[in-house]
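So the structure is just underneath, and the comments pick up after that.
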Amino acid sequence: MWNRARLLKINIKSKKTKIVIPVPLFIFSQLLDCTMDLLAIIAFFTPSINIKIKSSKYNLKEILITVYKILESLKEIKYCKPFDFVDIKTKEDIVKISLK
């Protein structure tokens, strides 16, 4: 049975394109949970690996802690009223990430 799940909605509009991506919050949570498990396995076999993102280096354990904190916050965020995470508007483009 389908129930009204919370959606993480991503809207991108520009002159030529319009993209709307609705992602149910429980699917996003499951994706992060699987990523957490995968990172934990990698961290077990390579405990001192550093991952370079742009110009910064991060320890794999720091990334695991960050993903865990995001998962914990998702458990609380599903009880909130709808709101916007990001709402950027220019003359031609709109980027909006919201919780519905």
So do the side chains of [X] and [Y] get within less than 4.5 Å of each other, counting heavy atoms only?
X	Y	result
K9	I97	no
L38	M36	no
D93	V95	no

- prompt: Out of curiosity, does I10 fall in the hydrophobic cluster containing I94 (side-chain heavy atoms, cut-off under 4.5 Å, transitive links)?
  reply: no
message: Count I, L, V, M, F, W, Y as connected when their side-chain heavy atoms are under 4.5 Å apart, and connections chain through other members. Are L31 and I65 then in the same cluster?
response: no
- request: May I have the step-by-step check of side chain to side chain contact (heavy atoms under 4.5 Å, CB included) for I21 and I19, ending in yes or no?
  value: CA-CA 6 Å; I21 305 170; I19 301 172; 3.7 Å; yes
Using 0.5 Å steps for rounding, measure from the [atom1] atom of [X] to the [atom2] atom of [Y].
X	Y	atom1	atom2	value
D33	Y68	CG	OH	11.0 Å
K15	K91	NZ	NZ	11.0 Å
S98	L7	OG	CG	9.0 Å
K13	T90	NZ	OG1	12.5 Å

- request: Step by step, work out the side chain to side chain contact (heavy atoms under 4.5 Å, CB included) result for K89 and D87.
  value: CA-CA 7 Å; K89 295 179 184 177; D87 191 5; 3.6 Å; yes
